[in-house]
Amino acid sequence: VGGAWLVVAGLAGAGWGPAPAQGAASVPEGIHWVSDLEDAGTRARSEGRPMLVDFYSRACIPCREMDATVLRDPRVVAEARRFVAVKLDIGADEVASRLRLERYGSAQLPLYVFHDSQGRELPGARRGKTDVEDFLNVMRSVK
């Protein structure tokens, strides 16, 4: 039952829906995502926190797979607590989102961009679809 909920939550928008019923303790709370890149950048710099930016589309199958697996892994969720995490749906405002993607030199989804606590993008830390261990290693390397 818990595994089925994870898949449904990932397909329904990265687990942004209601929390699972009590008794589903194996399902992690999830990453606290915000949707305003500029505000998140300001907040991350003022709080001295790194930032994770997730470019995705609801129509992107690899994006949904990452949402349902890697981004729901309890270790990734725990590590993400030290980040300001931004989730940008390129389908929501396609023109503005495409311009943001171009700023990062990529049009392929999913795209995960990491910034250090000083606000500097870490180009070597960019990731597309990947596994939990790789994603965790990158997250842990960002200061």
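Because the structure is a prediction, the values reported are computed rather than measured.
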Novice: Taking the side chain as C-beta and beyond, is there a heavy-atom pair between Phe55 and Val113 under 4.5 Å?
Specialist: yes
Novice: With sequence neighbours excluded, tell me which residues meet side chain to side chain contact (heavy atoms under 4.5 Å, CB included) with Asp116.
Specialist: Gln118, Arg120, Leu122
Novice: Which pair of heavy atoms, one from Ala40 and one from Val84, lies closest together, and at what distance?
Specialist: CB-CG1, 3.7 Å
Novice: Are side-chain heavy atoms of Tyr56 and Ile90 found at a separation under 4.5 Å?
Specialist: no
Novice: Ignoring hydrogens and angles, write down the donor-acceptor pairs under 3.5 Å from the side chains of residues 136-143, residues two or more places apart or on other chains.
Specialist:
{"residue": "Asn137", "atom": "ND2", "partner": "Glu133", "partner atom": "O", "Å": "3.2"}
{"residue": "Ser141", "atom": "OG", "partner": "Val138", "partner atom": "O", "Å": "2.7"}
{"residue": "Lys143", "atom": "NZ", "partner": "Arg140", "partner atom": "O", "Å": "3.0"}

Novice: Using the side chain to side chain contact (heavy atoms under 4.5 Å, CB included) rule, take Ile31 and Leu71 through it: C-alpha gap first, then chi angles, then the decisive distance, then the call.
Specialist: CA-CA 7 Å; Ile31 296 172; Leu71 298 177; 4.2 Å; yes
Novice: Distance check, rounded to the nearest 0.5 Å: Tyr112 atom OH versus Met66 atom CE?
Specialist: 4.0 Å
Novice: Rounded to the nearest 0.5 Å, what separation is found between the SG atom of Cys63 and the CG atom of Asp89?
Specialist: 9.0 Å
Novice: Which donor-acceptor pairs under 3.5 Å do the side chains of residues 43-53 make with protein atoms, sequence neighbours left out?
Specialist:
{"residue": "Arg43", "atom": "NE", "partner": "Glu47", "partner atom": "OE2", "Å": "3.4"}
{"residue": "Arg45", "atom": "NH1", "partner": "Gly41", "partner atom": "O", "Å": "3.2"}
{"residue": "Ser46", "atom": "OG", "partner": "Thr42", "partner atom": "O", "Å": "3.3"}
{"residue": "Ser46", "atom": "OG", "partner": "Arg43", "partner atom": "O", "Å": "3.0"}
{"residue": "Glu47", "atom": "OE1", "partner": "Arg49", "partner atom": "NH1", "Å": "2.9"}
{"residue": "Arg49", "atom": "NE", "partner": "Arg82", "partner atom": "O", "Å": "3.4"}
{"residue": "Arg49", "atom": "NH2", "partner": "Arg81", "partner atom": "O", "Å": "3.2"}
{"residue": "Arg49", "atom": "NH2", "partner": "Phe83", "partner atom": "O", "Å": "2.6"}

Novice: Using every non-hydrogen atom in the two residues, find where Leu109 and Ser57 come nearest and quote the distance to one decimal.
Specialist: CD1-CB, 3.8 Å
Novice: Output yes when a side-chain donor or acceptor of Arg126 lies under 3.5 Å from a complementary backbone atom of Leu111, and no otherwise.
Specialist: no
Novice: Report the C-alpha distance between Arg72 and Asp67 in whole Å, list the side-chain angles of each, state the deciding distance to 0.1 Å, and finish with yes or no for salt bridge (charged side-chain N to carboxylate O under 4.0 Å, His left out).
Specialist: CA-CA 6 Å; Arg72 301 289 291 168; Asp67 284 345; over 6 Å; no
Novice: Can you list the residues that meet the side-chain hydrogen bond (donor to acceptor under 3.5 Å, both in side chains) rule with Arg127, with sequence neighbours excluded?
Specialist: Asp134
Novice: Considering all heavy atoms of both residues, which atom of Leu88 and which atom of Ser35 are nearest to each other, and what is their separation?
Specialist: CD2-O, 3.4 Å
Novice: Answer yes or no: is there a side-chain heavy-atom contact under 4.5 Å between Val132 and Val76?
Specialist: yes
